[in-house]
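First the proteins, then the strands, lettered A, B, ... as listed; each starts at 1. What you see is a predicted model, and the numbers here were worked out from it, not measured in a lab.
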Protein chains: 2
Amino acid sequence: MIGFVGLFSYLAVNYLEIMLKLSVSESYERLFAAFSQFHPLSQELRDAIVDHSKLMNVAKKQLLLSEGEKSDKIYFIVTGAARIYYLNEEGREKNTWFLFENELVISVHSFFASQASFEYIKTMEDCSLIVLSRSRLEQLYEKFVSFNIIGRKLTEYYYIRNEAQANSLRMHSAKERYLQLIALQPQILQRVSLGHIASYLGISAETLSRIRSQL
Amino acid sequence: MIGFVGLFSYLAVNYLEIMLKLSVSESYERLFAAFSQFHPLSQELRDAIVDHSKLMNVAKKQLLLSEGEKSDKIYFIVTGAARIYYLNEEGREKNTWFLFENELVISVHSFFASQASFEYIKTMEDCSLIVLSRSRLEQLYEKFVSFNIIGRKLTEYYYIRNEAQANSLRMHSAKERYLQLIALQPQILQRVSLGHIASYLGISAETLSRIRSQL
DNA sequence: CCCATTTTTTGACAAAAGTCAAAAAATGAA
DNA sequence: TTCATTTTTTGACTTTTGTCAAAAAATGGG
């Protein structure tokens with residue numbers, strides 16, 4: 001009897017996963033939707049993007065980039081979540097970004113400047129990702145000049161977010177940063193542990209716990 | 001006798017200023033040199049940039065942007081220096097960037113996102129600036145699609161710098177940030193007061209003074 | 001459902017940096 | 001050069017956040 005229940009729940013989980021899994025074309029539709037917010041994409045460009053990239057599934061807690069490597073891939077998260085972190089002097093992980101579905105993931109310093117990375121990228125959940133190598137991306141920029149419009153605007157968009165985060169670290173106390181986070185991204189609390197959130201906010205887990213207890 | 005000395009030194013200063021002042025074409029050559037590091041510029045594009053922009057001289061301590069305004073101009077510093085700052089809750093100026101010759105100046109949040117600015121831009125020295133409005137810049141992007149390549153790469157370049165600064169604030173102590181600054185930009189100490197540098201490093205002037213005294 | 005593992009909380013104390021006030025030093029306009 | 005103004009330094013004390021250790025709570029694989 002227990003065997004049957006076990007088998008049933010196993011099948012049910014797989015069924016759920018199949019239900020949640022997007023087809024290849026649905027996945028690319030999401031990428032194109034994200035890109036076309038900035039500038040329309042020709043069918044030819046869409047086809048070239050599909051040709052040059054690949055869709056892959058990655059389990060949770062898998063490294064997409066390690067310190068010392070050169071980041072030569074850009075990821076679009078179709079489903080799932082990832083985080084970017086570095087190791088401080090004592091070897092503790094410090095998160096700098098959390099990224100979710102419909103967002104692009106790179107290590108900025110490493111990818112844009114072709115330098116060895118000082119940061120790590122790791123999935124936080126099972127992910128479906130569209131992966132494009134740096135060289136393939138550059139080929140697309142060369143072949144489709146108007147793709148540079150999208151590239152420019154996407155870069156501007158992530159730049160703004162980066163600035164906002166940097167300014168938040170400069171301008172606000174730990175408590176204000178936490179309140180800002182739950183006001184602007186409340187879903188993050190459902191998907192990310194408090195320890196990870198604390199390091200993202202630039203504070204210790206203990207300090208975050210104390211901030212939360214006095215609210 | 002004192003009158004003559006005074007007159008002489010007055011003339012000498014003016015002579016120096018004239019010597020240092022660049023002609024219009026020399027000024028634009030500097031802009032083009034900065035841009036062509038990323039991608040060659042056609043003569044047609046160069047002409048259009050000259051047509052769409054203007055060269056202006058601004059005295060030191062003049063505001064280029066105030067809080068609440070929409071930043072709709074991008075500045076290229078031909079000569080001089082500027083700083084970006086915001087006012088904290090107590091109304092104190094906090095510097096976020098120092099910018100010098102051959103660098104572009106915008107308020108990222110305001111310019112890219114067309115939002116009212118929370119920051120100020122002020123010259124720190126007499127400046128010679130090339131000014132381009134946002135709408136003119138967009139016209140250039142539309143008319144010269146390949147200009148988007150330059151725009152994209154420039155945005156990537158400043159994005160990297162912004163990330164590096166944000167990471168420096170996150171990863172290093174006040175003392176480390178100061179040592180990094182004098183290692184990487186020693187000239188900054190000659191041109192910017194310690195009070196301004198302290199707020200740029202995210203510390204009080206007193207803390208910077210103590211860091212310096214114990215070196 | 002259970003137990004090992006991970007995460008979060010709490011307490012006591014330490015370290016880093018801020019604040020305020022006053023003195024010292026540097027700057028710059030007449 | 002001189003004097004007023006601005007900038008920098010110094011001392012005493014406070015605040016914020018970090019660290020270490022241990023307990024409590026939550027999670028998740030078998």
Given Tyr85(B), Phe98(B), Tyr178(B), the one that forms ring-ring contact (aromatic ring centres under 6.0 Å, His included) with Tyr200(B): Phe98(B)
For the residue pair Tyr120(B) and Leu63(B), establish whether any side-chain heavy-atom pair is separated by less than 4.5 Å. yes
Once you round it to whole Å, what is the distance between P of dA16(C) and CD1 of Ile203(B)? 14 Å
Could you grab the distance from atom OG of Ser128(A) to atom OH of Tyr75(A), nearest 0.5 Å is fine? 13.5 Å
Quick one: do Glu163(A) and Thr96(B) satisfy side chain to side chain contact (heavy atoms under 4.5 Å, CB included)? Show the steps, please. CA-CA 10 Å; Glu163(A) 261 256 323; Thr96(B) 54; 6.0 Å; no
Which residues in residues 162-198 of chain A have at least one heavy atom lying under 4.0 Å from any atom of DNA chain D? Ser173(A), Ala174(A)
For residues Ser66(A) and Ser117(A), report the shortest heavy-atom separation together with the two atoms involved. O-CB, 4.0 Å
Closer to the 5' end of DNA chain C via nearest nucleotide, is it Asn88(B) or Lys61(A)? Lys61(A)
Closest-nucleotide mapping onto DNA chain D: is Lys60(A) or Arg92(A) further toward the 5' terminus? I mean the 5' end. Arg92(A)
For residues His52(A) and Leu140(A), determine if any side-chain heavy atom of one lies less than 4.5 Å from a side-chain heavy atom of the other. yes
Using heavy atoms and a sub-4.0 Å distance, could you list which residues of residues 204-215 of chain B are near DNA chain C? By number, please. Ser204(B), Glu206(B), Thr207(B), Arg210(B)
side-chain contact (heavy atoms from CB on, under 4.5 Å) with Val58(B): which of Val131(B), Asp126(B), Thr123(B)? Thr123(B)
Distance from Ile182(A) atom CD1 to Ile197(A) atom CD1, nearest 0.5 Å? 9.5 Å
Between P of dA15(C) and CD of Glu89(A), the distance in whole Å: 16 Å
